[in-house]
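One structure is given here, and the rest of the page talks about it.
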Amino acid sequence: METTTCSHLLGLVVISFILVPPRACGVADTFSKGRNITDNETIVSANGAFTMGFFSPGVSTKRYLGIWFTSPINDNSGVLMVSDTGSLLLLDGSGRIAWSSNSSSTSPVEATLLGIGNLVVRNPGSTTALWHSFAHPSNVMLSGMKVGKDFSSGDEWYLTSWRSAADPSPGAFRRVLDTSGRPDNIVWQGSVKTFRSGPWDGVRFGGIPEVLAYQQGLLEYQMVISPREGTYGHNVKPGAAATYVVLTDTGEVRRLVWDASSRAWQTTYLGPRDVCDAYGKCGAFNLCNVSAAAAAFCGCIRGFGLTSPSRIAGRCQRNVALNCAAGGVGPVSGVKLPDTPNVSVDTGITVEECRARCLANCSCLAYAAADISAGGDGRGCIMWTDHLLDMRYVDRGQDLYLRLAESELPPPPPLALPPPPPPSRSRAFPTGPFIGAVGSLVGILLVAFLVLVVIRRCRRRRPSNTGPTTPDGFIQHTTPAPTVPSSELSSLKKATGDFSESNIIGRGGFGIVYEGHLPDGRKVAVKRLIQSSLTNEGDNAFTREVGVMSKLRHGNLLQLLSYCQDGNERILVYEYMKNKSLNLYIFST
Ligand SMILES: *[C@@H]1O[C@H](CO)[C@@H](O)[C@H](O)[C@H]1NC(C)=O
Ligand SMILES: *[C@@H]1O[C@H](CO)[C@@H](O)[C@H](O)[C@H]1NC(C)=O
Ligand SMILES: *[C@@H]1O[C@H](CO)[C@@H](O)[C@H](O)[C@H]1NC(C)=O
Ligand SMILES: *[C@@H]1O[C@H](CO)[C@@H](O)[C@H](O)[C@H]1NC(C)=O
Ligand SMILES: *[C@@H]1O[C@H](CO)[C@@H](O)[C@H](O)[C@H]1NC(C)=O
Ligand SMILES: *[C@@H]1O[C@H](CO)[C@@H](O)[C@H](O)[C@H]1NC(C)=O
């Protein structure tokens, strides 16, 4: 069998099982000059988790050197050795140097495979590595590894895909941490971007909300943004399952987690997930909506429309020219923020200051908070002056604030609510418990009847209640209840501490009810519909509730003060009562 050694750097190869059975030919975790590793031998880290040796991937007959989570390995004639000058050398069958670590030392060196899977070359007794494999990633990112840039030395670490499943030599794809704007993991195919994770928002990469589900209890991200370096990695929490990220030969990014019960690697994340993850799927100033029909994924953002007269798909332009001195900003909520290569970032200011800076700069197109880790509206400032490219709706996405002409602005801010009514009105409950008396039961029945009657009427009138869909498909001017003002999502977030768990006062089938505090000191009950119920049923429930409640004035029902319909959010704001009230429940099953 021909022996071709890997011209690529030491990489990590992942083979099925993580638990290493004791192997006869596995040597200790350390070797040095005079102790060669031949093709029939492996090096096993002291904790048994990682093995290094020669292998043939897939059906390939060629031999490569790799580090993996486990393994059976066969024979052949490659040799890994430590040279006189302190380098690791990989020799092929005829004794030629196929690869060298190029490390050098005048004193003796040894190579140790550490329990985290890192092969380090160092002087015995020293902790300083002359060379280590984590600084030369292949297609896998392990706990403790980092990718990114060292700005002073110019060193850069990134993942490189294999050429194919059976060929570990460098393939078509790279996954690089772009630190030019906000840090973002970009997959490149040659010089073409194919997929990005979305800008780092202080907690995660904004286009991958899934991480919040699997990250807990499993790993912590390590993001370093300093004048010296911009790097990112993850550390597995003590006792958590083994996990790694791999960039496949087809350009997919997968996170795998070892599942001890099924004894298999489970994919917990796979990107790109869908058509909207394909980089720049829609043109500039477009938003990709994966729930939309196949022909209609792309739509212009608020304030933009298709270029007339030809209306070429994807070419979005402002509906109304921006007068720099006038106008304002309007939100595009719940999105993966646009690509950030040409943005200016300032993490040291507040979002309010960011807004002022954007409004004062005629070339500002949009801004967003740079860091939302502390909740609320976040902190810092990302300002776009170029295109807005590669935006999509994501669950729990961030809010982008667009510069808009005055006529394109959303209706004026919300909580200019009607003043509280005089306290003598019968609508106000006595503060004592209000359920528990026979009278209440009668009240419930009466109210339920009343509601049914109104729903019926409302249903008959439904068509006139649903507003038209604009050609862009996204800004749906559905105005369910013209008699009740609408609220900005941002001010409702502010009122409820960003829908903080601690403000929850009730839960129902369609929504969660939060206690909220208005700037004027008034308390309100904020009912946020669960987004997963928002398909049809949930949206109908919302329209129905707004329709019904905006018309009702009844002693046993709370008054609907305002509503908010923004992206995937459907929120109702009620007056607050200590013992809550019927309609929070009537509408929640
Ligand atoms: C590996 O192969 C070499 C030469 O082919 C042989 O000398 C050595 O004993 C073998 N080692 C083991 C552990 O089988
Ligand atoms: C290690 O391998 C090199 C190259 O094949 C050889 O010259 C050397 O003698 C070997 N050393 C040992 C201890 O086997
Ligand atoms: C080591 O140095 C040689 C000669 O300068 C170079 O050709 C080779 O690419 C280097 N190897 C690595 C792994 O950097
Ligand atoms: C995406 O498209 C679907 C289907 O047209 C629509 O129901 C949904 O409201 C859209 N999502 C957003 C956030 O606009
Ligand atoms: C507007 O913002 C751009 C990008 O940050 C900056 O280069 C430019 O100097 C700013 N202009 C003014 C007038 O502040
Ligand atoms: C960033 O700026 C460069 C140079 O002006 C331009 O070629 C590129 O298209 C811009 N990228 C984005 C995403 O706007």
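Numbering of ligands and ligand atoms starts at 1, following listing order. Just so you know, these numbers use all the heavy atoms, side chains as well, and skip hydrogens, waters and symmetry mates.
- Remark: Arg228 pairs with no residue by the salt bridge (Lys or Arg N to Asp or Glu O under 4.0 Å) rule, at least two apart or across chains.
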Between ligand 2 and the protein, find all N/O pairs closer than 3.5 Å and give the distance for each.
residue	atom	partner	partner atom	Å
ligand 2	2 (O)	Asn36	ND2	2.2
ligand 2	11 (N)	Asn36	ND2	2.9
ligand 2	14 (O)	Asn36	ND2	3.4

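- Near Asn361, meaning under 4.0 Å from one of its heavy atoms, ligand 5 places the atoms 1 (C), 2 (O), 3 (C), 8 (C), 10 (C), 11 (N), 12 (C), 14 (O).
- Where the criterion is an N or O separation shorter than 3.5 Å, residue side chain and backbone included, Ser291 fails it with respect to ligand 4.
- By the SG-distance test at 2.5 Å, no disulfide connects Cys298 to Cys288.
- Classified by interplanar angle (parallel below 30°, tilted 30° to 60°, perpendicular above 60°), the ring pair Phe55/Tyr64 is tilted.
- Residues forming a salt bridge (Lys or Arg N to Asp or Glu O under 4.0 Å) with Arg379 (at least two apart in sequence, or on another chain): none.
- Those atoms of ligand 5 that come under 4.0 Å of a heavy atom in Ser363, given as number and element, are 1 (C).
- Heavy-atom minimum distance, Arg302 versus Pro331: NE-O, 3.0 Å.
- The aromatic rings of Phe285 and His387 lie perpendicular to each other, with more than 60° between the two planes, well past the 30° mark.
- For the pair Arg355 and Tyr401, the cation-pi criterion (under 6.0 Å, within 45° of the ring axis) is not fulfilled.
- The atoms of ligand 5 that sit less than 4.0 Å from any heavy atom of Ser344 are 5 (O).
- Interface atoms of ligand 4 facing Ala292, defined by a heavy-atom separation under 4.0 Å, are 2 (O), 4 (C).
- Interface atoms of ligand 4 facing Asn289, defined by a heavy-atom separation under 4.0 Å, are 1 (C), 2 (O), 3 (C), 8 (C), 10 (C), 11 (N), 12 (C), 14 (O).
- Between Trp131 and Trp99, the two ring planes are perpendicular [angle over 60°; tilted spans 30° to 60°].
- Every salt bridge (Lys or Arg N to Asp or Glu O under 4.0 Å) that Asp184 has, sequence neighbours left out, goes to Arg196.
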